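Below is one structure, written out as structure tokens; the observations come after it.
In this text, all values refer to a predicted model and were calculated from it rather than measured experimentally.
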Amino acid sequence: MKYCMIEIAFDNEQELNDVINKLLKERLVSGCQVVEGSSKWRWKDEIEMSKEYLLFVKTKKELEDYLSKLKSEKKRIEKEENEKRTLCI
């Protein structure tokens, strides 16, 4: 069986925790790690900055598409955050 890790970015800690709890309760992931930090980017000729939470989830390769769809349903995720970043082993 193959496994993979998927990265999802959040800017709201409560939403992050809600998603983690849902994924764990529904047994869609075997584990989650969160990295808290700040993010900077260029937007309309200005440099923006905000707090960011990166969620790394470990799951079966066969669930990758389902989790990617869940990730893309989050309307507030920026386009560049919505790209799949997956490491399969």
Heavy-atom closest pair (Phe56 atom, Val35 atom, distance to 0.1 Å) is CE1-CG2, 3.9 Å

Any Thr59 side-chain heavy atom under 4.5 Å of Leu23 side chain
no

Practice problem: Quick one: do Lys58 and Tyr3 satisfy side chain to side chain contact (heavy atoms under 4.5 Å, CB included)? Show the steps, please. | Solution: CA-CA 7 Å; Lys58 296 175 191 157; Tyr3 294 89; over 6 Å; no

Side chain to side chain donor-acceptor pair (under 3.5 Å) filter on Lys51, not counting sequence neighbours, yields Glu36

One should read off an interatomic distance between Lys60 NZ and Lys2 NZ, to the nearest 0.5 angstrom, of 15.5 Å

Side chain to side chain donor-acceptor pair (under 3.5 Å) filter on Gln33, not counting sequence neighbours, yields none

Output for pair (Leu54 CG, Ser39 OG), nearest 0.5 Å, gives 8.0 Å

For Leu55 and Phe10 the tightest heavy-atom approach is CD2-CE1, 3.8 Å

Arg27 meets the salt bridge (Lys or Arg N to Asp or Glu O under 4.0 Å) criterion, sequence neighbours left out, with none

Gln14 meets the side chain to side chain donor-acceptor pair (under 3.5 Å) criterion, sequence neighbours left out, with Asp18

Salt bridge (Lys or Arg N to Asp or Glu O under 4.0 Å) filter on Glu46, not counting sequence neighbours, yields none

